[in-house]
Amino acid sequence: MFPMKYPVPQSDPPKSPRETLPSMYDLPSENPEEPGLPDEFHDWQAQLLSLTFCPPYYPAAEVFCASDMNLYYDVRHALWYKRPDWFGVVGVPRLYDQVDMRLSYVVWQEGVNPFVVVELLSPGTEKEDLGELEADRLPDEPSSLEGNGQAIESQSTQTQSKDKPPRKWQVYEQILRIPYYIVFSRYTNQLRVFKLEGACYQELELPESRVWMKELGLGLGLWQGEFQGIERLWLRWYDAEGNWILTEAEQERQRAEEAESKLESLLRRLRESGIDPDTFLEGEQ
């Protein structure tokens, strides 16, 4: 926020309400009791991530992703949850029990933990998103299932207070053991990637602001472009050749441009051959 003292002193001539009343930079945009509620960027960025999340090793019917959805992680504390800005899961049915759209994601029902979580930094959640509120870490303990971040539950929660749930970093790293934890700030355009190595997250160096996830056959990086009419740096997925994965709307636009280019090329060749295509077009009318 940009600090400004209100009310603004009167002037002659009087200043406009835009100059004298609080702006969106002065007023709180987060609920103090539940910081990090989505703003416009959170909505569009999560949508772009979902539209381009197409792991080639899994059919679409076995891929699920969601944004701002309750993620329940501890069977002993069934009401405890985290609410990632975006997360992706592979190897689960797209629909719950092949029938219904999900109201939330319950790991002890699904049997598969998220593979990647993305948090979009907000002023009220930045320190928690980066694990900076953790005075101490949980001890390393084995999970009930091993490999690829698919543990359903961990004994780690036994060290937590019965009345106070663990923080976000601990849940992702120690309990769910999510292989990739992504943090992006639209304020600084900084992308940070943490990969689970053994018991702890290790931050990866990103010389090109990209990370390749070989287990998915996908990469995630910063793309400069226009989405929903807004030009800026966005997070989006790319394939093994380094090509950004297109949304359906972009694919349709690309097909239309290719068809128009082929038509223009055909018309040019006809004219070069001494045939006036306009004659045929007039004859069709």
Side-chain angles (χ1 to χ4, degrees), residues 35-38 41-43 45-55 58 63-74 80-92 102 104-108 110-122 124-134 137-138 143 147-154 156-157 165-186 190-197 199-204 206 210-216 218-222 234-237:
L37 293 176
F41 173 74
H42 280 67
D43 292 338
Q45 177 60 89
Q47 185 179 125
L48 181 58
L49 287 170
S50 294
L51 291 173
T52 58
F53 185 61
C54 306
Y58 296 87
V63 175
F64 175 73
C65 59
S67 61
D68 199 32
M69 175 181 281
N70 285 6
L71 172 61
Y72 291 93
Y73 57 88
D74 192 333
W80 286 1
Y81 68 89
K82 297 303 176 186
R83 200 175 179 93
D85 290 325
W86 186 92
F87 66 94
V89 195
V90 292
V92 293
R102 288 175 174 84
S104 56
Y105 194 88
V106 184
V107 298
W108 59 85
E110 304 284 358
V112 180
N113 292 351
F115 187 87
V116 55
V117 163
V118 176
E119 293 288 0
L120 307 171
L121 293 186
S122 299
T125 64
E126 181 173 358
K127 288 187 176 182
E128 181 179 358
D129 289 343
L130 294 173
E132 295 176 356
L133 295 179
E134 302 299 334
R137 293 289 179 84
L138 297 177
S143 301
N148 207 26
Q150 305 305 303
I152 297 178
E153 59 179 285
S154 168
S156 299
T157 51
R167 297 190 184 276
K168 187 181 301 182
W169 184 282
Q170 288 181 326
V171 171
Y172 298 162
E173 178 191 63
Q174 302 280 337
I175 300 173
L176 293 178
R177 297 187 57 75
I178 296 172
Y180 289 91
Y181 177 38
I182 315 294
V183 178
F184 177 63
S185 170
R186 77 178 180 96
Q190 183 182 20
L191 173 65
R192 300 179 68 179
V193 176
F194 301 89
K195 183 179 180 182
L196 195 64
E197 300 282 0
C200 301
Y201 278 133
Q202 299 295 327
E203 185 168 4
L204 302 180
L206 306 176
R210 290 189 176 196
V211 58
W212 177 251
M213 304 179 192
K214 62 180 181 179
E215 304 92 337
L216 293 179
L218 281 181
L220 185 66
L222 293 184
W234 299 93
L235 271 178
R236 73 183 297 166
W237 298 94

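Across all non-hydrogen atoms, the minimal contact from L191 to L206 is O-CD1, 3.6 Å. Y201 and P179 make their closest contact through CE2-O, 4.2 Å (heavy atoms, listed as atom of the first residue, atom of the second, distance). Contact record, D129 with L120: OD2-O, 4.3 Å, taken as the closest heavy-atom pair. In terms of heavy-atom proximity, I175 sits nearest to P166 at CD1-CG, 3.7 Å. The two atoms that bring P114 and V89 nearest to each other are CA-CG2, 3.8 Å, heavy atoms only. When all heavy atoms of L220 and L49 are compared, the pair lying nearest together is CD1-CD2, 3.7 Å.
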> side chain to side chain contact (heavy atoms under 4.5 Å, CB included) between L71 and L176: does it pass, once the steps are laid out?
Replying inline: CA-CA 10 Å; L71 172 61; L176 293 178; 3.7 Å; yes
> Can you list the steps and then say if L48 with L235 is a side chain to side chain contact (heavy atoms under 4.5 Å, CB included)?
Replying inline: CA-CA 8 Å; L48 181 58; L235 271 178; over 6 Å; no
> Going through the checks in order, is the side chain to side chain contact (heavy atoms under 4.5 Å, CB included) test met by R102 and V92?
Replying inline: CA-CA 12 Å; R102 288 175 174 84; V92 293; 4.3 Å; yes
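At a threshold of 4.5 Å between non-hydrogen side-chain atoms, the residues L130 and R192 count as touching. At least one side-chain heavy atom of M213 sits under 4.5 Å from a side-chain heavy atom of V116.
Relative orientation of the Y73 and W80 rings is tilted, given thresholds of 30° and 60° on the angle between their planes. Ring pair W169/F194 is perpendicular by interplanar angle, where above 60° counts as perpendicular and below 30° as parallel. Between F53 and W86, the angle of the ring planes goes over 60°, which puts this pair in the perpendicular group of the 30/60° scheme. Taking the six-membered ring where the residue is Trp, Y105 and F87 present perpendicular rings, their angle passing 60° and hence far from 30°.
Note that OG of S104 and CG of N70 are 6.0 Å apart. Values are rounded to the nearest 0.5 Å. Interatomic distance, F115 CZ to L216 CG, rounded to the nearest 0.5 Å: 4.5 Å. Interatomic distance, OH of Y172 versus CZ of R167, reported as 13.5 Å (0.5 Å rounding). The structure places OH of Y180 at 11.0 Å from CG of L218, a figure rounded to the nearest 0.5 Å. Separation of atoms CD (E128) and CD (Q170) is listed at 9.5 Å; rounding is to 0.5 Å. The distance from the CD atom of Q202 to the CG atom of L196 is 9.0 Å, given to the nearest 0.5 Å.
Using a 4.0 Å cut-off between charged side-chain N and carboxylate O, E119 and K82 make no salt bridge.
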